2 protein chains.
Amino acid sequence: MKILIIEDNRDLVQVLSEGFAENGFDVDSAYDGIEGIGKIRSTDYDCIVLDIMIPGIDGYEVVEKAREEGKDTPVIMLTAKDSIEDRVEGLNKGADDYLVKPFDFRELVARINALTRRHSELKRPILNCGPLMLDPIARECKADGEIIPLRRREFDILELLMRFENQVFTRERIIAHVWKKEYDGTSNVVDVHVKYLRDKLRPFNLDVVVVTVRGVGYKVICPAYE
Amino acid sequence: MKILIIEDNRDLVQVLSEGFAENGFDVDSAYDGIEGIGKIRSTDYDCIVLDIMIPGIDGYEVVEKAREEGKDTPVIMLTAKDSIEDRVEGLNKGADDYLVKPFDFRELVARINALTRRHSELKRPILNCGPLMLDPIARECKADGEIIPLRRREFDILELLMRFENQVFTRERIIAHVWKKEYDGTSNVVDVHVKYLRDKLRPFNLDVVVVTVRGVGYKVICPAYE
DNA sequence: CCTCAATGATGAGGATCTTCATGGTGTCTC
DNA sequence: GAGACACCATGAAGATCCTCATCATTGAGG
């Protein structure tokens, strides 16, 4: 299993390389877009881990170029937290999954495995829950083919819950994942955004999808399977 | 020079350790609060790099305990992006500086050097510019002793400019530092927040402190030295 | 000096997010 | 079943942030 890391932070590259090596991956690296493109051209990788903010050609263009040249190697993008929302077009250029910095290394490995496992079938991870569909890359949420415009918090919460369907998340864990900070124990932000989310799903008779688990937290269920 | 890293992400610990070693530091590490406290008790470090979100006892409590026990070793906190604002009290528990993840390794080294150099004199880095004073740890901005309430963006921009007084920052660099994303070239967010900032400084005749450098960006000057 | 174009400043409006207060609902005990 | 309590849902208001359109300023070239 051959992996290419394109990332200008050399320290991060070193950590990742060692981590991957421990996981039995064969690792190669590039420190900017030009070098990255070159390596993609000359070698067949099983997966590419690509930072967006790199010197010269940025990550989006790297994916685009790779795709134009017929490479369909799975690509996981690393992105800073705020870059997500306003880059939807860029995100559509062909990446298969993404991870927000700072991230958990185990999660990165999990996503690489998920992508390479199903490589050659459907790649981009689309989350489904009955008629509800969520595309984390396009950052789109649809029900019955109709786009439901979600705001950042709503989207992030729904994505988290849908990635682990039927698994309960405490407010702490939701805050930690979505807000990337610790829970002070008093705020009810999560509740409020869950309400917003339900309000938007209700017209599709889907608000039951987000279920309250009293005394614990929230989870997403797929009503079709009930 | 002996440094202790308290951080649960073992990969990050390894990167940092190696980086520090290259800089001639003697490195020790702990993976949670309890272990950290223990090591602080038993050893005299020159500096402690401390993540806030660690298992068990969190970073704030570690600093607090260390200070209660009379340790005045400089502490640099690592914090996720959103944790800043609503943790002012926690931040006041005795840390000397902080760094927002994801950060640049060179910046961490620079801050360690700054802290240890002036250890035993004034430690906590207070940024001054004539009558204007900014405390990044307390997240407070004062003029003539009076607190000027700044919002997140305003504070972050002012802090960046004041850390490098008289140095021009382009909108790109400001966006990269404060928003931690790349600049799309169209938005005028920076301009707007600079205006907000000036509006708040004007009552103190301090809006001239933030200077426009036409065609380039903004910088902070200290009018007293003119 | 005048004009034009580029650049920055500003005002207004709206989108999003958060907090707070209140009321409802489930759960436990007696 | 009634009451007490914890937990959750909701409405409303305000804080913060961002976009857009417009106006002012600056600098260059004629």
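So that the names make sense, note that chain A is the first sequence line, chain B the second, and so on, each numbered from 1. Because the structure is a prediction, the values reported are computed rather than measured.
Side-chain N/O atoms of B:Arg152 include none lying less than 4.0 angstrom from OP1 or OP2 on D:dT16. Listed pair A:Tyr218 / D:dC7 fails the phosphate criterion, with no side-chain N or O lying under 4.0 Å from OP1 or OP2. For C:dG8, the OP1/OP2 oxygens have no side-chain nitrogen or oxygen of B:Thr212 closer than 4.0 Å. Listed pair B:Trp179 / D:dC17 fails the phosphate criterion, with no side-chain N or O lying under 4.0 Å from OP1 or OP2.
Scanning both residues, B:Arg139 and B:Asp156, for their nearest heavy atoms gives NH2-OD1, 2.7 Å. In terms of heavy atoms, B:Gly36 sits closest to B:Leu4 at O-CD2, 4.1 Å. In terms of heavy-atom proximity, B:Val13 sits nearest to B:Ser29 at CG1-CB, 3.7 Å.
Remark: B:Lys142 engages no residue in a side-chain hydrogen bond (donor to acceptor under 3.5 Å, both in side chains) (not counting sequence neighbours). Remark: A:Phe155 pairs with no residue by the ring-ring contact (aromatic ring centres under 6.0 Å, His included) rule, at least two apart or across chains. Under the ring-ring contact (aromatic ring centres under 6.0 Å, His included) criterion, A:Tyr196 pairs with A:His193, sequence neighbours left out.
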Do A:Arg163 and A:Asp97 pass the salt bridge (Lys or Arg N to Asp or Glu O under 4.0 Å) test, and can you show the C-alpha distance, the side-chain angles, and the key distance before you say yes or no? CA-CA 13 Å; A:Arg163 270 195 195 265; A:Asp97 206 349; 3.3 Å; yes
Between the protein and nucleotides 10-13 of chain D, list the N/O to N/O atom pairs that are separated by less than 3.5 angstrom.
residue : atom : partner  : partner atom : Å
D:dT10  : O4   : A:Asn188 : ND2          : 3.2
D:dG11  : OP2  : A:Lys195 : NZ           : 3.2

Please list, pair by pair, any protein nitrogen or oxygen found under 3.5 Å from a nitrogen or oxygen in nucleotides 25-30 of chain D.
residue : atom : partner  : partner atom : Å
D:dT26  : O2   : B:Arg214 : NH2          : 3.3

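Atom CG of A:Asp191 and atom OH of A:Tyr218 lie 3.5 Å apart (nearest 0.5 Å). B:Leu150 contributes atom CG, which lies 10.5 Å from atom CD of B:Glu140 (distance to the nearest 0.5 angstrom).
Of the residues near DNA chain C, B:Val216 and A:Leu150, the one whose nearest nucleotide (by heavy atom distance) lies more toward the 5' end is B:Val216. Toward the 5′ end of DNA chain D lies the nearest nucleotide of A:Val194, the other residue of the pair A:Val194 and B:Glu154 mapping further downstream.
A salt bridge is defined here as a Lys NZ or Arg NE, NH1 or NH2 lying under 4.0 Å from an Asp or Glu carboxylate O, and B:Lys65 with B:Glu68 fails to meet this definition.
C:dC17 atom P lies 12 Å from atom CG of A:Leu197, rounded to whole Å. Put simply, NE2 on B:His193 is 16 Å from P on D:dA15, counting in whole angstrom units. Regarding B:Arg151, its CZ atom lies at a distance of 16 Å from the P atom of D:dG14, rounded to whole Å.
Closest to the A:Arg153 side chain, of the nucleotides D:dC17, D:dC8, C:dC17, is C:dC17.
Near DNA chain C, meaning a heavy atom under 4.0 Å from it, residues 167-177 of chain A has no residue at all.
Relative ring orientation between A:Phe169 and A:Phe164 is described as tilted, the plane-to-plane angle lying within the 30° to 60° band.
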